[in-house]
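Below is one structure, written out as structure tokens, with a few remarks after it.
The model shown is predicted, which means the values in this text are computed figures rather than measured ones.
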Amino acid sequence: MPDIQYLGHSCFRLRGRDGVVICDPYDRSVGLDIGKPAAHIVTVSHQHPDHANVAAVKPMRERIFLIDGPGEYEVGGISVTGVRTFHDKHKGAERGGNTAYVIHMDDIVLCHLGDLGHELTTHQIDEIGNVDVLFIPVGGDETIGPAEAVSIISQIEPRIVIPMHYALNEQRSFEYDLASIDKFVHEVGLKEVNPEEKLNVTSNNLPSEAEETRFVIMKPST
């Protein structure tokens with residue numbers, strides 16, 4: 001039953017019974033202070049400093065197990081699959097590559113799309129497989145925007161969607177012009193938004209396949 005904590009931008013801390021994973025730790029260029037979170041595993045979707053500040057993460061063992069590209073990994077009961085994607089619509093010609101990660105933790109499947117810049121191919125959807133919790137960028141500019149995010153959500157059909165990589169009030173110094181979360185909220189037709197500080201996901205509290213996808217807006221805990 002993973003505990004999910006949002007650290008801001010595209011960074012999440014996932015804590016399960018077999019360890020802690022931090023996805024896409026950022027540097028101060030984001031306009032936020034990530035602090036010194038601790039983890040056993042760090043995933044990096046691409047090597048831009050706002051997604052690859054591994055030095056900010058404290059190791060919970062002798063060293064951090066770093067995953068920074070496509071492939072299959074098994075670390076102390078947590079399995080991670082990196083799926084090759086791109087940071088733009090032109091197969092990486094503009095912004096380079098991006099890795100989406102599928103993380104199996106405590107019988108829950110989580111997928112972090114990193115700085116995805118395009119809709120997914122049939123092959124990529126097959127590689128990702130069934131997803132319980134999807135972390136998806138929605139801010140546009142250097143990634144997909146709200147409308148594209150909705151299309152990708154319909155491709156993957158996750159049980160829970162957690163948006164990321166959108167404008168936060170604290171990010172006044174960030175160089176990219178990201179859309180606010182309000183645009184995504186409007187796009188998916190949410191009537192009421194109550195940001196959550198933590199989310200605990202179990203097989204019992206997941207929406208069933210017959211139920212609609214649940215959208216969870218998380219409050220950054222930086």
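Side-chain atoms of Arg159 come within 3.5 Å of backbone N or O of Pro207 as a donor-acceptor pair. Using modelled atom types, no side-chain atom of Thr81 and backbone atom of Glu72 make a donor-acceptor pair closer than 3.5 Å.
The distance between the ring centers of Phe184 and Tyr166 does not fall below 6.0 angstrom.
Of all non-hydrogen atoms in Val131 and Leu134, the two that sit nearest each other are CG1-N, 4.0 Å. For the pair Phe12 and Met218, the tightest heavy-atom approach, listed with the atom from each and the gap, is CE2-SD, 4.3 Å. Of all non-hydrogen atoms in Pro137 and Thr143, the two that sit nearest each other are CB-OG1, 3.7 Å. A pairwise comparison of heavy atoms in Val161 and Pro163 identifies O-CD, 3.9 Å as the closest pair. Looking at every heavy atom in both residues, Gly117 comes nearest to Lys89 through O-CG, 3.3 Å. When all heavy atoms of Met164 and Phe135 are compared, the pair lying nearest together is CE-O, 3.5 Å.
Counting non-hydrogen atoms of neighbouring residues, nucleotides and ligands closer than 6.0 angstrom, the CD atom of Glu74 exceeds 12 such neighbours. The number of heavy-atom neighbours closer than 6.0 Å to CD of Glu211, taken from other residues, nucleotides and ligands shown, is above 12. Counted within 6.0 Å of CG on Asn200, heavy atoms from surrounding residues, nucleotides or ligands total more than 12; the atom is thus considered enclosed.
For the atom pair NE2 of His123 and CD1 of Ile125, the computed distance is 11.0 Å after rounding to the nearest 0.5 Å. Rounding to the nearest 0.5 angstrom, the gap separating the CD1 atom in Ile64 from the NZ atom in Lys58 is 10.5 Å. How far CD of Glu148 is from CD of Gln155: 11.0 Å, rounded to the nearest 0.5 Å. Distance check: Tyr26 OH to Leu32 CG gives 4.5 Å after rounding to the nearest 0.5 Å. Atom CG of Asn53 is separated from atom CG of Asp24 by 11.0 Å, given to the nearest 0.5 angstrom. Expressed to the nearest 0.5 Å, how far CD of Glu127 lies from CG of Leu120 amounts to 10.0 Å.
At least one side-chain heavy atom of Ile153 sits under 4.5 Å from a side-chain heavy atom of Phe215. Arg28 has its side chain within reach of Asp33: a pair of non-hydrogen atoms, C-beta onward, lies under 4.5 Å apart.
With sequence neighbours left out, the side-chain hydrogen bond (donor to acceptor under 3.5 Å, both in side chains) criterion links Ser151 to Glu119.
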Name every donor-acceptor pair, under 3.5 Å, that has one atom in a side chain of residues 34-43 and the other anywhere in the protein, sequence neighbours excluded.
{"residue": "Lys36", "atom": "NZ", "partner": "Ala55", "partner atom": "O", "Å": "3.1"}
{"residue": "His40", "atom": "ND1", "partner": "Val20", "partner atom": "N", "Å": "2.9"}

Determine all donor-acceptor pairs shorter than 3.5 Å in which one atom belongs to a side chain in residues 96-115; sequence neighbours excluded.
{"residue": "Asn98", "atom": "OD1", "partner": "Asp115", "partner atom": "N", "Å": "2.9"}
{"residue": "Asn98", "atom": "ND2", "partner": "Thr85", "partner atom": "OG1", "Å": "2.8"}
{"residue": "Asn98", "atom": "ND2", "partner": "Leu113", "partner atom": "O", "Å": "3.0"}
{"residue": "Tyr101", "atom": "OH", "partner": "Val44", "partner atom": "O", "Å": "2.8"}
{"residue": "Tyr101", "atom": "OH", "partner": "Ile67", "partner atom": "O", "Å": "3.3"}
{"residue": "Tyr101", "atom": "OH", "partner": "Gly69", "partner atom": "N", "Å": "2.9"}
{"residue": "Asp106", "atom": "OD1", "partner": "Arg17", "partner atom": "N", "Å": "3.3"}
{"residue": "Asp106", "atom": "OD2", "partner": "Met1", "partner atom": "N", "Å": "2.8"}
{"residue": "Asp106", "atom": "OD2", "partner": "Arg17", "partner atom": "N", "Å": "3.0"}
{"residue": "His112", "atom": "ND1", "partner": "Gly114", "partner atom": "N", "Å": "3.1"}
{"residue": "His112", "atom": "NE2", "partner": "Ser10", "partner atom": "O", "Å": "2.7"}
{"residue": "Asp115", "atom": "OD1", "partner": "His51", "partner atom": "NE2", "Å": "3.2"}
{"residue": "Asp115", "atom": "OD1", "partner": "His165", "partner atom": "NE2", "Å": "3.3"}
{"residue": "Asp115", "atom": "OD2", "partner": "His46", "partner atom": "NE2", "Å": "3.4"}
{"residue": "Asp115", "atom": "OD2", "partner": "His51", "partner atom": "NE2", "Å": "3.2"}
{"residue": "Asp115", "atom": "OD2", "partner": "His87", "partner atom": "NE2", "Å": "3.1"}

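Hydrophobic clustering (side-chain heavy atoms under 4.5 Å, transitive across Ile, Leu, Val, Met, Phe, Trp, Tyr) keeps Phe86 apart from Leu116. Met60 and Tyr73 fall into different hydrophobic clusters, where Ile, Leu, Val, Met, Phe, Trp and Tyr side chains are chained together by heavy-atom contacts under 4.5 Å.
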**Request:** Carefully, step by step, assess Gln124 and Thr122 under the rule side chain to side chain contact (heavy atoms under 4.5 Å, CB included).
**Result:** CA-CA 6 Å; Gln124 288 164 338; Thr122 301; over 6 Å; no
**Working for side chain to side chain contact (heavy atoms under 4.5 Å, CB included), residues Gln5 and Leu7** = CA-CA 6 Å; Gln5 187 178 9; Leu7 302 185; 4.1 Å; yes
**Request:** With side chain to side chain contact (heavy atoms under 4.5 Å, CB included) as the test, would you mind laying out the steps for Asp132 and Val201 before giving the verdict?
**Result:** CA-CA 9 Å; Asp132 296 318; Val201 181; 5.6 Å; no
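Checking Ser29 against Asp27 by side-chain atom types alone, a donor-acceptor pair falls below 3.5 Å.
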